[in-house]
Amino acid sequence: MQQTEPKAATSAPLLAEADFRARLGIAERTFKALRAAGIVSAPLELGPRCLRWTEDDYADTVSRLPRRERAAEPQTLAEGRRRRIQKLKTEVSA
C-alpha cells in the first residue's frame, strides 16, 4: 500500500489586522474609520481577541475604496499662472 503525502493547503492564509493594514498602506486610525464606514468587511472571529480577514475580504475592500476625482483648477490660480508665464516670456525675450 502506498503512503500519500499530505496535501498542501490550497487556501490563502488569513490576514491579521496589521497585515491587512500593511497591504493597504494605511494607519490604524484610518483602518478603524473604514471599518466603521462599512468599507472593510466584517472579520472572522476566531476568538475573543483574534480577528482575521480572508483574501476575498481584502479584494472586496479594495474594490469598495472611494476614488478621488481630480478637481478643476480654480480660475484665479489659472489666471495667475498664465500671467507668470507671460512675464517670464517677456523677460527672456528682452
Side-chain angles (χ1 to χ4, degrees):
M1 185 175 240
Q2 272 188 343
Q3 236 179 349
T4 59
E5 292 184 30
K7 291 184 179 179
T10 56
S11 63
L14 297 175
L15 301 169
E17 180 182 327
D19 300 326
F20 202 97
R21 286 189 291 112
R23 286 177 119 187
L24 290 173
I26 59 175
E28 183 177 0
R29 180 181 244 171
T30 304
F31 183 78
K32 288 182 181 190
L34 291 174
R35 277 190 68 191
I39 294 172
V40 175
S41 305
L44 300 170
E45 294 186 33
L46 303 178
R49 293 181 303 211
C50 186
L51 306 177
R52 297 291 185 265
W53 287 265
T54 64
E55 291 288 334
D56 290 338
D57 293 335
Y58 175 76
D60 289 342
T61 298
V62 170
S63 69
R64 284 186 280 202
L65 286 173
R67 307 240 185 244
R68 292 186 184 178
E69 293 187 24
R70 187 174 178 176
E73 184 178 36
Q75 186 65 29
T76 54
L77 288 178
E79 289 171 4
R81 183 174 39 79
R82 279 190 225 105
R83 280 193 300 260
R84 284 191 306 277
I85 291 171
Q86 283 300 97
K87 184 178 175 183
L88 286 172
K89 284 181 180 178
T90 57
E91 289 175 1
V92 171
S93 64

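The model shown is predicted, which means the values in this text are computed figures rather than measured ones. Sequential numbering from 1 along the given sequence is applied to the chain's residues.
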Practice problem: Any chance you could measure E79, atom CD, to L77, atom CG, to the nearest 0.5 Å? | Solution: 9.5 Å

Quiz item: What closest approach, in Å, do E55 and P13 show between heavy atoms, and which atom pair accounts for it?
Solution: OE2-O, 4.2 Å

Quiz item: To the nearest 0.5 Å, what is the distance between CZ (R84) and CD (Q86)?
Solution: 12.5 Å

Practice problem: For R35 and P43, work out which heavy atoms get closest and say how close. | Solution: NH2-CD, 3.6 Å

Exercise. Could you walk me through whether L24 and T30 pass the side chain to side chain contact (heavy atoms under 4.5 Å, CB included) test, one step at a time?
Key: CA-CA 10 Å; L24 290 173; T30 304; over 6 Å; no

Quiz item: Using a distance-only test with no angle check, is there a side-chain donor-acceptor pair under 3.5 angstrom linking S63 and D60?
Solution: no

Quiz item: Do the rings of W53 and F20 sit parallel, tilted or perpendicular, given the 30° and 60° boundaries?
Solution: tilted

Exercise. Write down the atom of T61, the atom of S41, and the distance for their closest heavy-atom approach.
Key: OG1-N, 3.7 Å

Quiz item: Just wondering, do T54 and L14 contact through their side chains at under 4.5 Å, heavy atoms?
Solution: yes

Self-check item: Between CG on residue D57 and CG on residue L15, distance to nearest 0.5 Å
Solution: 8.5 Å

Quiz item: For the atom pair CD1 (I26) and NZ (K32), what is the distance rounded to the nearest 0.5 Å?
Solution: 12.0 Å

Practice problem: Locate the shortest heavy-atom distance separating E17 from F31; write the atom from each residue and the value. | Solution: CG-CE2, 3.4 Å

